[in-house]
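Every chain is numbered from 1, with letters handed out A, B, ... down the list of sequences.
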Amino acid sequence: GAVVSQHPSWVICKSGTSVKIECRSLDFQATTMFWYRQFPKQSLMLMATSNEGSKATYEQGVEKDKFLINHASLTLSTLTVTSAHPEDSSFYICSAPGTSTDTQYFGPGTRLTVL
Amino acid sequence: GENVEQHPSTLSVQEGDSAVIKCTYSDSASNYFPWYKQELGKRPQLIIDIRSNVGEKKDQRIAVTLNKTAKHFSLHITETQPEDSAVYFCAAHREGTYKYIFGTGTRLKVLA
């Protein structure tokens, strides 16, 4: 099946710094990718939809200036958490749809810890 | 707005018993319902799915049922094993979009 990778798998940073997370579709092209955030013992919450060649679409309540998304190519989307704070510490997961709109392939996730 | 309710939030069963997790969705335009198993710190893994034109689907010890009229769908795991212990999420997908709405998750513990 289709494979989605994320890098890094975990990152620890100081408060106030920015962190970039990459999401790649390894064996297929994805014009759309999705970024989710998952706090401990909670569900996956969709943050934004990343669109190749155009602006990302953010869900209600997600600050677009804080969570910068760039869909640079058909196989790469990046999420940059700017001026990170401890409350941004979470598990960030990306996904990409398959050939049909209903299937999605999830990345392995990135655990961000902000000190 | 669209939402998916999932119950129970935690479930403990003895090894060999059955486990049932239920979800209710609000968007009548939803047409695809996947179930995911997530182990701690790992990505969600698709374990079974069902489309709106089907009422039931089975894959070995796992089955999913869908009642489109009532907007309910359920996951059934029979002959549970300790390795079934994980968090399970249901999701609903709206036809014509890429968007998934996830349930709140069920932490399943299978006691040996």
Could you report the tightest heavy-atom contact between Gln38(A) and Phe89(B), atom names first, then the distance?
NE2-CZ, 3.4 Å
Tyr100(B) and Gln104(A) have their tightest heavy-atom pair at OH-N, 3.2 Å
Tell me whether [X] at atom [atom1] has more than 12 heavy atoms from other residues, nucleotides or ligands lying less than 6.0 Å away.
| X | atom1 | value |
| --- | --- | --- |
| Leu40(B) | CG | no |
| Lys71(B) | NZ | yes |
| Gln60(B) | CD | no |
| Glu79(B) | CD | no |

Could you walk me through whether Leu46(B) and Tyr105(A) pass side-chain contact (heavy atoms from CB on, under 4.5 Å), step by step?
CA-CA 9 Å; Leu46(B) 178 68; Tyr105(A) 301 100; over 6 Å; no
Examine whether an atom of Tyr32(B) lies under 4.5 Å from a heavy atom of chain A, and if so say whether it belongs to the side chain, the backbone or both; otherwise answer neither.
side chain
So what's closer than 4.5 Å to chain A heavy atoms on Pro34(B): side chain, backbone, both or neither?
neither
Going from CE on Met45(A) to OG1 on Thr104(B), what distance comes out if it is rounded to the nearest 0.5 angstrom?
10.5 Å
OH (Tyr36(A)) and CZ (Arg43(B)) are apart, to the nearest 0.5 Å, by 14.5 Å
Is there any residue in residues 50-74 of chain A with a non-hydrogen atom under 4.5 Å from a non-hydrogen atom of chain B, and which ones are they?
Glu59(A)
Counting C-beta onward and ignoring hydrogens, is there a side-chain heavy-atom pair between Ile93(A) and Gln38(B) closer than 4.5 Å?
yes
Honestly, the part of Phe106(A) sitting under 4.5 Å from a heavy atom of chain B is both
Heavy-atom contact with chain B under 4.5 Å, split by part of Leu46(A)
side chain
Would you say Ser43(A)'s side chain and Gly103(B)'s backbone share a donor-acceptor pair under 3.5 angstrom?
yes
